[in-house]
Enquirer: 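Okay, here's the structure, questions in a sec.
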Amino acid sequence: MIENLTKKYGKSREALIPILQAIVEKESYLSEEAMNEVAKKLDISAAQVYGTASFYSFLDTEPRGKYVIRVCKSIIAEMKGKKEIIKTLENLLKIKVGQTTPDNLFSLLETNDIGWSDQEPSMLINEKPYTNLTPEKTISIINEYRK
Amino acid sequence: MSSQNLKKTDVIFGLCHTTDVEHMLPGGVCKTNEEKFVVLKEVIKKDPQEIINEIIDSGLKGRGGAGFPTGLKWKFASLSPEPEKYVICNADEGEPGTFKDRDILLKVPAKVFAGMTMCAYCIKAKNGYLYLRGEYKFMVPELRKVLDSFHETIKKLGYDFHIDILLGSGAYVCGEETALMESMEGHRGEARNKPPFPTVEGFRNKPTVINNVETFVNVTMIQKFGVEEFKKLGTQDSRGSKVFSVSGDTPKPGVYELELGMKLSDFVDEYGDGDTKAVQVGGASGFCVPRKKFNDTIIGFEGIPTGGSMMLFNSSRSMYNVLTNYLEFFAEESCGQCTPCRVGCQQLIRGVRAVKCGLRSPDYLDDLLKLTASMKLTAKCGLGQSVANSFSSIVSNFKEEMIY
C-alpha cells in the first residue's frame, strides 16, 4: 500500500502528511511498521515521521477502531449537553473516552471545536459530522454503524 | 427584540441570484448550467496594479481575525521578481465558536476560487492551495466537483492557474499562517519567526499570499460591485461587512452577515436571549465583554476586531467554566516549541484551579495576569500571545466567579 501511496504523492517531504492521512484512512491508525516503512520510502528518519505524526491529533499513533467517534468538547458543546452524549456513548459501547471496543469497531474520543457550534452537541464519526445530537439520536446513529 | 441599528448585508452569500456572479457558481447554491465567470473574465483583462490599488482603496482588511490590509499584502507579493509564487486560502478555521468558513465553502465555493484567481493574476502565481481543516474533510468531494468545472472555465478563458486542496489533521495552531505552511511542507505545524513575512518567504520559501476564505470572497465581490459600493458598508476603519458565527445562549444560532462597526449592544438585542451576561468576541483567543460594557463596545477594527466568532453566555453560565475550557483548549493546542506558551498555558490552568479551591489566595490572580502579559510579549506566535485576551478579560470582569 505504501508503495502505491508514494507513487500517488511522490517521495518528497511534502508527501509525508498526505501519505500518513491515507494510511490512517485505510487502517485507522499509524502502526510502528507503517511509520518505519514510510520513513524508508521517503528516505527520512523514523523519528521525523513519528515527530510529525504525533503533532497532529487526527494522525493517531495508537490502534483505533474502524469507526473513530470524536465528540466536540468546546464550551458551547458543554453548554448544550455534551456530557449526556458522552454518557450515552459510554453506556452504549461499554467503553470510556479514549478506549476502543473489543471488537475493534468503535473508538470513543473527545476533540476540540469541530466547526458546528451552531448545532451542538456534535460529533464526527471518521469524517462525517453529526449535529444537534440527543441521546436518542446518538443511539440510532451508532446502531446504523453496527449494521 | 430586533435591533433597528443592526445592518444586515448580503455580500458574501447573497446577491448571487441577481448578478452575474450566479454564473460563477457551478454546484453552489445557485444552480445554473452556464459558467460564464463574467467577473473573472473582466478582471483578467485589467492591469494587475489597478486591481491591487482598488483593493487597497477599498480598505479591505483580512477576515481571519488579524486584519492586515489585503491590498498591501498583495502588493508586497507582487513586487517580488521571484518567478515562483503561491496563493493560499486559509480554510483552517479552528477558533472555538467559528463556523462561517464552513458555510461559505458549502454555499459559495466558486466565489472563493475566483478571489484566489484574482490574487494569482495580480501577483503572477501559477499555483494555489486551499488548506482545509481536517474536520471539514466531508466537504472535499463537493469542492472537487466545483474545482473541476472551475479549472475547465479557467482553461477556456486562456488563463493558467491551478488550485489544489490540502487537508489539515486536527491542529488549531495550523491556522497561524507560517505554521500552516510548515504543515503544507510536511512538517510539524510550528510557527516560523517573522520576518520574513510570507509575502517575501512563504510556502517553499517563495513569496506567498495567504488570505482567509472570506477575504477572497470579498475581493471577488469588490471586483463585481466596484470599490465605491463596498466602501458604503461599514465604517472608516472597518470597511465592508463581516460574516459572524453566532452560538451559545441565543435563540437563533447560525451564520449572519452584518456591517462592521456595530455596537455590541445592538448585536445582543438581536441575538441574545434577553439574559445575556457576556459575549466572547473572537473565540477563545478573543475578548470577553461583560453586560455593562455592551453599550461602549464596537465590533470592528476600531473596537474589538474578530474573525467572526460570537459566543453568548447568559446569567446561568459559570465564567469560571468558560475560562477553564478555553485554557484547556490552549494547553492542548499549544505546539510546545516556545516556553512562554507551553509552560504558561499549563500554569494558568493550575493557577485558576488553585484559586478556585482555596489553595491560593485571590491575589494570586494578579500574578497570573502578569504571566499572561509576559506571554503576550514573548510567545512566538498568535496562539500564545492571545491567551492573555480571554484570560485577562474574563478574570478582570468576573473576578468573584473565579474565587467563589
Side-chain angles (χ1 to χ4, degrees), chain A residues 9-22 24-25 30 38 42 44 47-60 68 70 72-80 82-83 109-120 122-132, chain B residues 93-103 133-140 166-174 182-190 204 245-250 252-255 280 283-284 309 311-314 316-317 321-326 328-329 332-333 335-336:
Chain A
Y9 296 107
K11 291 184 178 179
S12 71
R13 179 70 194 235
E14 279 174 27
L16 177 60
I17 293 177
I19 288 173
L20 297 180
Q21 287 171 334
V24 170
E25 189 173 309
L30 299 164
V38 171
L42 298 191
I44 52 179
Q48 281 178 310
V49 175
Y50 179 74
T52 306
S54 60
F55 184 86
Y56 296 95
S57 62
F58 286 8
L59 298 179
D60 284 305
V68 180
R70 290 187 164 88
C72 175
K73 61 170 176 179
S74 72
I75 184 68
I76 305 296
E78 221 170 82
M79 285 157 56
K80 302 289 171 182
K82 175 217 106 182
K83 247 183 215 154
L109 304 172
E110 288 185 341
T111 192
N112 286 322
D113 202 308
I114 58 170
W116 294 93
S117 287
D118 52 340
Q119 299 168 43
E120 295 291 353
S122 69
M123 65 179 176
L124 289 172
I125 299 186
N126 292 346
E127 63 210 51
K128 202 165 183 262
Y130 293 90
T131 65
N132 288 321
Chain B
E93 66 169 352
E95 191 61 53
T98 313
F99 42 84
K100 50 115 188 155
D101 291 341
R102 175 199 79 199
D103 271 22
R133 69 186 304 219
E135 289 83 346
Y136 291 168
K137 191 177 172 191
F138 73 96
M139 289 184 197
V140 171
L166 289 178
L167 273 174
S169 272
Y172 166 73
V173 71
C174 287
E182 284 295 307
S183 168
M184 284 176 66
E185 291 175 14
H187 297 279
R188 293 163 68 87
E190 292 175 348
R204 297 176 181 159
S245 311
V246 181
S247 69
D249 294 312
T250 164
K252 39 185 173 183
V255 173
Q280 180 75 19
S309 170
M311 294 187 259
L312 293 101
F313 302 108
N314 69 20
S316 75
R317 306 298 174 185
N321 286 349
V322 173
L323 179 64
T324 49
N325 183 284
Y326 292 164
E328 280 167 12
F329 167 76
E332 263 177 43
E333 298 292 347
C335 82

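First the proteins, then the strands, lettered A, B, ... as listed; each starts at 1. Predicted, not measured: the structure shown is a model, and the values here were computed from it.
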Enquirer: Measure distances from A:K73 to the heavy atoms of chain B and classify the residue's part below 4.5 Å as side chain, backbone, both or neither.
Expert: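 It is both, since atoms from each part get that close.
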
Enquirer: What part of B:S183 is in contact with chain A, defined as an atom under 4.5 angstrom from a non-hydrogen atom: side chain, backbone, both or neither?
Expert: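 Both backbone and side chain of B:S183 come within 4.5 Å of chain A.
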
Enquirer: Restricting to non-hydrogen atoms, name the atom on B:F99 and the atom on A:S117 that form the minimum distance, rounded to 0.1 Å.
Expert: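 Heavy atoms only, the tightest pair is CE2-CB, 3.6 Å.
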
Enquirer: Going through the distances and angles, do A:R13 and B:H187 end up as a side chain to side chain contact (heavy atoms under 4.5 Å, CB included)?
Expert: CA-CA 8 Å; A:R13 179 70 194 235; B:H187 297 279; 3.4 Å; yes

Enquirer: Measure B:V140 against the heavy atoms of chain A and call it side chain, backbone, both or neither at under 4.5 Å.
Expert: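 Answer is neither: B:V140 stays 4.5 Å or more from chain A.
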
Enquirer: Locate the shortest heavy-atom distance separating A:G51 from B:R188; write the atom from each residue and the value.
Expert: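 Closest pair (atom of A:G51, atom of B:R188, distance): O-NH1, 2.7 Å.
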
Enquirer: List for me each residue that meets salt bridge (Lys or Arg N to Asp or Glu O under 4.0 Å) alongside B:R204, sequence neighbours excluded, and say none if there are none.
Expert: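 Partners of B:R204 under the salt bridge (Lys or Arg N to Asp or Glu O under 4.0 Å) test: A:E14.
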
Enquirer: Just to verify, what does B:E135 make a salt bridge (Lys or Arg N to Asp or Glu O under 4.0 Å) with, not counting sequence neighbours?
Expert: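 Testing B:E135 for salt bridge (Lys or Arg N to Asp or Glu O under 4.0 Å), a comparison that skips the adjacent residues, returns B:R133.
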
Enquirer: Would you mind telling me which of B:R102, B:K100, B:K252 makes a salt bridge (charged side-chain N to carboxylate O under 4.0 Å, His left out) with A:D118?
Expert: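 Of the listed options, the one satisfying the test is B:R102.
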
Enquirer: Mind checking which of residues 124-132 of chain A sit less than 4.5 Å from chain B, heavy atom to heavy atom?
Expert: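 When heavy atoms of chain B are the reference, residues 124-132 of chain A contributes A:L124, A:E127, A:P129 within the under-4.5 Å range.
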
Enquirer: Do you know which of A:I76, A:I75, A:I17 has the most heavy-atom pairs under 4.5 Å to chain B?
Expert: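 So the answer, after comparing A:I76, A:I75, A:I17, is A:I75.
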
Enquirer: If I measure from the heavy atoms of chain A, does B:C174 come under 4.5 Å with its side chain, its backbone, both, or neither?
Expert: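 Just the side chain, heavy atoms under 4.5 Å.
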
Enquirer: How close do B:G189 and A:Y56 get, heavy atom to heavy atom, and via which atoms?
Expert: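 In terms of heavy atoms, the two residues are closest at N-OH, 3.2 Å.
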
Enquirer: For the CE atom of B:M311 and the OG atom of A:S74, what is their distance to the nearest 0.5 Å?
Expert: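 With rounding to 0.5 Å, CE (B:M311) is 7.5 Å from OG (A:S74).
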
Enquirer: With a 4.5 angstrom heavy-atom cut-off, could you sort out which part of B:E95 is near chain A: side chain, backbone, both or neither?
Expert: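 Contact with chain A is through the backbone of B:E95 alone.
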
Enquirer: Considering only heavy atoms, which portion of B:E328 lies under 4.5 Å from any heavy atom of chain A: side chain, backbone, both, or neither?
Expert: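 No part of B:E328 comes within 4.5 Å of chain A.
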
Enquirer: If you tally heavy-atom pairs under 4.5 Å against chain A, which of B:G254, B:S316, B:G97 wins?
Expert: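 Of B:G254, B:S316, B:G97, B:G97 has the most heavy-atom pairs under 4.5 Å with chain A.
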
Enquirer: Side chain, backbone, both or neither: which part of B:Y172 has a non-hydrogen atom closer than 4.5 Å to chain A?
Expert: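 For B:Y172, there is no contact with chain A at all, as no heavy atom is under 4.5 Å.
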
Enquirer: Hey, does the side chain of B:S169 reach the backbone of A:L59 with a donor-acceptor pair shorter than 3.5 angstrom?
Expert: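 It does not hold such a pair.
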
Enquirer: So which part of A:Q119 gets closer than 4.5 Å to some heavy atom of chain B, the side chain, the backbone, both or neither?
Expert: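 Side chain only.
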
Enquirer: Using non-hydrogen atoms and a 4.5 Å limit, figure out which bit of B:T98 sits close to chain A: side chain, backbone, both or neither.
Expert: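 Contact with chain A is through the backbone of B:T98 alone.
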
Enquirer: Identify which part of B:D101 has an atom lying under 4.5 Å from any heavy atom of chain A, answering side chain, backbone, both or neither.
Expert: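 Neither the backbone nor the side chain of B:D101 comes within 4.5 Å of chain A.
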
Enquirer: Measure distances from A:L16 to the heavy atoms of chain B and classify the residue's part below 4.5 Å as side chain, backbone, both or neither.
Expert: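 Side chain only.
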
Enquirer: Please tell me if the side chains of A:F55 and B:V173 come closer than 4.5 Å, counting only heavy atoms from C-beta onward.
Expert: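 Touching, per the 4.5 Å side-chain cut-off.
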
Enquirer: Just jot down the salt bridge (Lys or Arg N to Asp or Glu O under 4.0 Å) partners of A:E78, sequence neighbours excluded, or say none.
Expert: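 In terms of salt bridge (Lys or Arg N to Asp or Glu O under 4.0 Å), with neighbours along the sequence ignored, A:E78 is linked to no residue.
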
Enquirer: When heavy-atom pairs shorter than 4.5 Å are enumerated against chain A, which of B:E333, B:M184, B:R317 gives the highest number?
Expert: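 The answer is B:R317.
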
Enquirer: Once you round to the nearest 0.5 Å, how far does CG of A:D113 lie from OG of B:S309?
Expert: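 Here the rounded value is 8.0 Å.
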
Enquirer: Return the CG to CE distance between B:L312 and A:M79, rounded to the nearest 0.5 Å.
Expert: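 Here the interatomic distance stands at 8.5 Å.
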
